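Remarks on the structure that follows.
Just so we're on the same page: letters track the sequence lines, and every chain starts at 1. All values reported here derive from a predicted model rather than from experimental measurement.
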There are 2 protein chains.
Amino acid sequence: MHMMDTPLVLTSFLNRAERYFHAKKIYSRTSPTTIHEFTYKEYVKRTRKLADALTKLGMTRGMKVGTFAWNHHRHLEAYFAVPCAGAVLHMINIRMTPEHIAYVINHAEDEILLIDDNLVPLLAPIASQLTTVKQFIVMGDNVALDSVPLPNALSYEDILTEASDDYSFPENVDENAPAGMCYTSATTGMPKGVVYTHRSIVLHSMAAGLSDSIGVCENDVVLPVVPMFHANAWGLPFASVLFGSTQVLPGPMFTPQLLLDLFVQYKVTLTAGVPTIWLGVLQEQRNNPRDLSSLRSIVCGGSASPMGLIRGFEEEGGIPYYTGYGMTETSPLVSLSTYLSHMQDYSSDEKMHVRVTQGITMPLIETRVVNENGEVPWDGKTMGEITIRGPWIAAEYYKDERTQEAFKDGWLYTGDIAVMTSDGYIKITDRTKDLIKSGGEWISSVELENALMSHEKVFEAAVIAIPHEKWLERPLACVVPKPEFKDTITKEELLDSLRNQFHKTWIPDDVVFLDEIPKTSVGKFMKVKLREDLKDFRVEV
Amino acid sequence: MHMMDTPLVLTSFLNRAERYFHAKKIYSRTSPTTIHEFTYKEYVKRTRKLADALTKLGMTRGMKVGTFAWNHHRHLEAYFAVPCAGAVLHMINIRMTPEHIAYVINHAEDEILLIDDNLVPLLAPIASQLTTVKQFIVMGDNVALDSVPLPNALSYEDILTEASDDYSFPENVDENAPAGMCYTSATTGMPKGVVYTHRSIVLHSMAAGLSDSIGVCENDVVLPVVPMFHANAWGLPFASVLFGSTQVLPGPMFTPQLLLDLFVQYKVTLTAGVPTIWLGVLQEQRNNPRDLSSLRSIVCGGSASPMGLIRGFEEEGGIPYYTGYGMTETSPLVSLSTYLSHMQDYSSDEKMHVRVTQGITMPLIETRVVNENGEVPWDGKTMGEITIRGPWIAAEYYKDERTQEAFKDGWLYTGDIAVMTSDGYIKITDRTKDLIKSGGEWISSVELENALMSHEKVFEAAVIAIPHEKWLERPLACVVPKPEFKDTITKEELLDSLRNQFHKTWIPDDVVFLDEIPKTSVGKFMKVKLREDLKDFRVEV
């Protein structure tokens, strides 16, 4: 042994935070009117108590402990108490259907569940279907156990009161031991599980702290809008503890007003969420401007951001807006739209065309966009599927035969269709299943959507394939107008705006106006639903 | 296997640089008048060729390949060609004595040696003592092999010309395989070897890229003054390739003038070296000011920096000056004097008192300052020995029984004496062997030296112990005056300046004026020599 064989484990994050960042603060909104505030010292103490309490309740190495919760301090305590004790934190997506929720809890074999008091109504109806859960624990400021319709439920605060903060986390956890798990929705069938290891989370957190990445640091005040039940809140809670960042956890409510108020009140420097969130925040900020000078970065992922949205934050607010790429299977950070040094002199327009991509790949991660001829040229045109490998990329779905569909030859096949820019930036053009194949040509629904969403009268837009006798498929634009243009917007002006930008074969055959685009549990456009809703739509000739 | 078991190996750095940073530049001074300039694309190509050439010459997995060279592009080629091929890069400190040089080459069992043409005269006299070396290869722009007094020597450029850039690095190198090695001088006896692994170098490089650390990034233009034969040039060549930084390698000459000219010519953003270098650079910059606005960080290590030096760069030049701590055994990055967020509002004086410490410990690394009672309190006063553990800390000396003196209970015992500030910053007060024990009290020679070096008439100062009948040891100040004060400086004014700052028991018994302080091969004060030179010194009473 030449170098020390120090394992890469999460306990080192907790020890570091306790040692160096004990006086730093964590703010946590537990209700619309209550903000809980404590120091990292108290945080680590409560985390030890939680580990002690759960151990007394029977938590053992490798046991799955589920959380069904918003972004708050108790969830953050579970984020470390469970894996540092050697058990596995299963972050359950509360926005799934009841059927899927029951499935993932049973499939993961969760034995203990930590549930927000205000989410009990979502879980109670399926409680009887949960075959492995032995203990329900309800999290909240004032839990009235009498009125909790879950068998033998305990109160989180009660068990912490009785627990000891002398608890010591085991020192012999293997870096390849499972630490956490998330399920991701599948095109068909039940959700698929991904298991993170201590090593994968440690390396992912280091990547999040790089100057050339998100750059999470001690000076940051981090507000994750992305839920802690969705791809580890993009790893921000882990990285924040490692680097000792101040944390602001927004709890169950995150309207644009509430978010902007938190940004101002706590001088938030770094925040992250999906485009839908930022569309609302930008609109509210335009209507009621606040001082956002503390914000150094907005990180956006989940789906592509319209250029107008990015421009709004960058040019009106002076706030760098980074598009990232990743998924549950990738921990999730794969790439980020940071600038390379030669882009410093780009015009504002050229810079926007960088920001709108999914960015350049992180150190230690490899990406390839491949089609039937192998890796596509970096020409910004040739489409292929994104494949990924690296130390924080899943190797399999948890006990799931669908592993073989996505994991081949050591690479994850993402099902996302992209081109590579000449600088090697990934630019997503579609999901494999959302590509429109018209007369043998691939048409990118995402590019048409982005163009439509840049139109001044459009709030949101989705483009889907509809059946066509001659071309097999043709694009149909589904548009939600901004309220003030609802009565005046016309199909023709939208199609005209597209004609200036795309070849005529790409122009949608028609436009339908909707009140909203149906969305998935994580805020992405649910095109399956849209196609289903519009399956009988025929273009009027 | 939940996550991909992607090994942490250096080949991933090279592949990343080739893929994304192919157009970025590396500048390398090979002589006082020649600067070699090429792109990363050509760099990787030549690195492949070097691996091919060395393989043809018999390089195998695990074989030790020595380098005896300054900081230049050929050395950088060897930095990756050797370990990525599975062999081990032994970076030989050219400043050691001939006896030590012969020892380390034989002890490491180097079979191939890459030697700078201008360093051949240092090596040739001991060539016949090298029992394991089978092949000498001479690096230079115009190597005249006829005049090289080494048996069967080859020219580096000749073997590259004949090599193929189709060479593929093996994909099955284990992350715990040895990648590099350095020897460090010992208090007594021969130098001790440290072996770095792929994993330790990868993790160390990630740490160097953190926002809260050195923050090496693609936008950086990095000039390592610290030699590539000394503790991996503090890891900067590895990190620069990982992050795609522009590199400026200063070659065999680095006078203050030449360094400042390079800073200006290439708009250097980040540089690193020992205090002696920065003392000279600051003096030259004061005499002939240049535009140093591109410099975002000076990193200083090796020994403590006088506060006047730090203040000079920070206050006169607006250039942040970070003190780091580390050693050959620690890869070397252990800690860095970055500010925590609560220090932002510190006064200029308070900030200087942070910068002058060895800083806060890196993520994934643990440090403890311990004395006979265990960890010392964080009071800025109680001295103890620095102990370290973590994934880029050595676990042993290579085939050396002295391992057991320094490595105990999983910790490295550094022999450095320090206090911990209330924020957990390490502040070195001495080497164990340099501590002055006067009447049962420990006196820190480093604190006295720093105070003396802050005196306007002093260029350099060292404080050593001299024998004393009553107190056993007493401090003696050895001072090099600035040239302009050489004839006017007095002992009394120096001692008076100390009386304002230290308890009377700490005031040196006498001052001797010297023309220079003897230094070790890496620029540290050689107090052993000083004590030897002054062993008969007696204080005049």
Q: Flag the one option from B:A394, B:S200, B:G215 with the top tally of heavy-atom pairs under 4.5 Å to chain A.
A: B:A394

Q | Side chain / backbone / both / neither for B:D423 at chain A, heavy atoms under 4.5 Å | A | backbone

Q | For chain B, the option from A:H342, A:H22, A:E175 that forms the most heavy-atom pairs under 4.5 Å | A | A:E175

Q | Atom CD of A:Q344 with >12 non-hydrogen neighbours under 6.0 angstrom | A | yes

(Q) Counting heavy-atom pairs under 4.5 Å with chain A, which one of B:W378, B:F407, B:Y398 comes out on top? (A) B:W378

Q) Is any side-chain heavy atom of B:L203 less than 4.5 Å from a side-chain heavy atom of A:L203? A) yes

Q. For B:V202, is it the side chain, the backbone, both or neither that has a heavy atom under 4.5 Å from a heavy atom of chain A?
A. side chain

**Q.** Under 4.5 Å from any heavy atom of chain A - which part of B:R389
**A.** both

Q: Examine whether an atom of A:Y425 lies under 4.5 Å from a heavy atom of chain B, and if so say whether it belongs to the side chain, the backbone or both; otherwise answer neither.
A: neither

Q) Who wins among B:G390, B:G410, B:S12 for the most heavy-atom pairs under 4.5 Å with chain A? A) B:G390

Q: Below 4.5 Å from any heavy atom of chain A, which atoms of B:T197 appear? Answer side chain, backbone, both or neither.
A: both

**Q.** Side chain, backbone, both or neither of B:L8 within contact of chain A (heavy atoms, under 4.5 Å)
**A.** both

(Q) Looking at every heavy atom in both B:S211 and A:C217, which two are closest together, and how far apart are they? (A) CB-CB, 4.0 Å

Q.
Do A:P391 and B:M4 have side chains that approach each other closer than 4.5 Å (heavy atoms only, starting at C-beta)?
A. no

Q | Flag side-chain contact, heavy atom, 4.5 Å: A:T6 against B:L364 | A | no

Q.
With heavy-atom distances below 4.5 Å as the criterion, would you say the side chains of B:H2 and A:V194 are in contact?
A. no

Q) Checking A:I360 against chain B: side chain, backbone, both or neither under 4.5 Å from a heavy atom? A) side chain

Q. Are the side chain of B:D212 and the backbone N or O of A:E218 linked by a donor-acceptor pair below 3.5 Å?
A. yes

Q: Select one option (side chain, backbone, both, neither) describing which atoms of B:L242 are under 4.5 Å from chain A's heavy atoms.
A: side chain

Q: Spell out, as yes or no, whether a donor-acceptor pair under 3.5 Å connects the side chain of A:S341 to the backbone of B:N219.
A: no

(Q) Tell me whether B:R16 contacts the main-chain N or O of A:M362 through its side chain, where contact means a donor paired with an acceptor under 3.5 Å. (A) yes

(Q) At a 4.5 Å cut-off on heavy atoms, which part of B:T367 comes close to chain A: side chain, backbone, both, or neither? (A) both

Q: Step through the shown structure and confirm whether more than 12 heavy atoms of other residues, nucleotides or ligands are within 6.0 Å of NZ on A:K427.
A: no

Q) Looking at B:T361, B:I393, B:V216, which one has more heavy-atom pairs under 4.5 Å with chain A than the rest? A) B:I393

Q | Heavy-atom proximity to chain A below 4.5 Å, by part of B:E366 | A | neither

Q) At a heavy-atom separation under 4.5 Å, does B:S331 approach chain A through its side chain, its backbone, both, or neither? A) side chain

Q) With a cut-off of 6.0 Å (strictly less than), are more than 12 heavy atoms of other residues, nucleotides or ligands near NZ of B:K408? A) yes

Q: Measure across A:V195 and B:M3 and return the closest heavy-atom pair with its distance rounded to 0.1 Å.
A: O-CE, 3.2 Å

Q: Work out which heavy atom in A:R19 is nearest to a heavy atom in B:M420; give both atom names and the distance.
A: NH2-CE, 3.8 Å

Q) Which bit of B:A23 comes within less than 4.5 Å of chain A, counting heavy atoms only: side chain, backbone, both or neither? A) neither

(Q) Can you give me the closest heavy-atom contact between A:Y20 and B:G424, atom names plus distance? (A) CE2-O, 3.6 Å

(Q) So for A:I201, is it side chain, backbone, both, or neither that comes closer than 4.5 Å to the heavy atoms of chain B? (A) neither

**Q.** Toward chain A, the part of B:F13 with a non-hydrogen atom under 4.5 Å
**A.** side chain

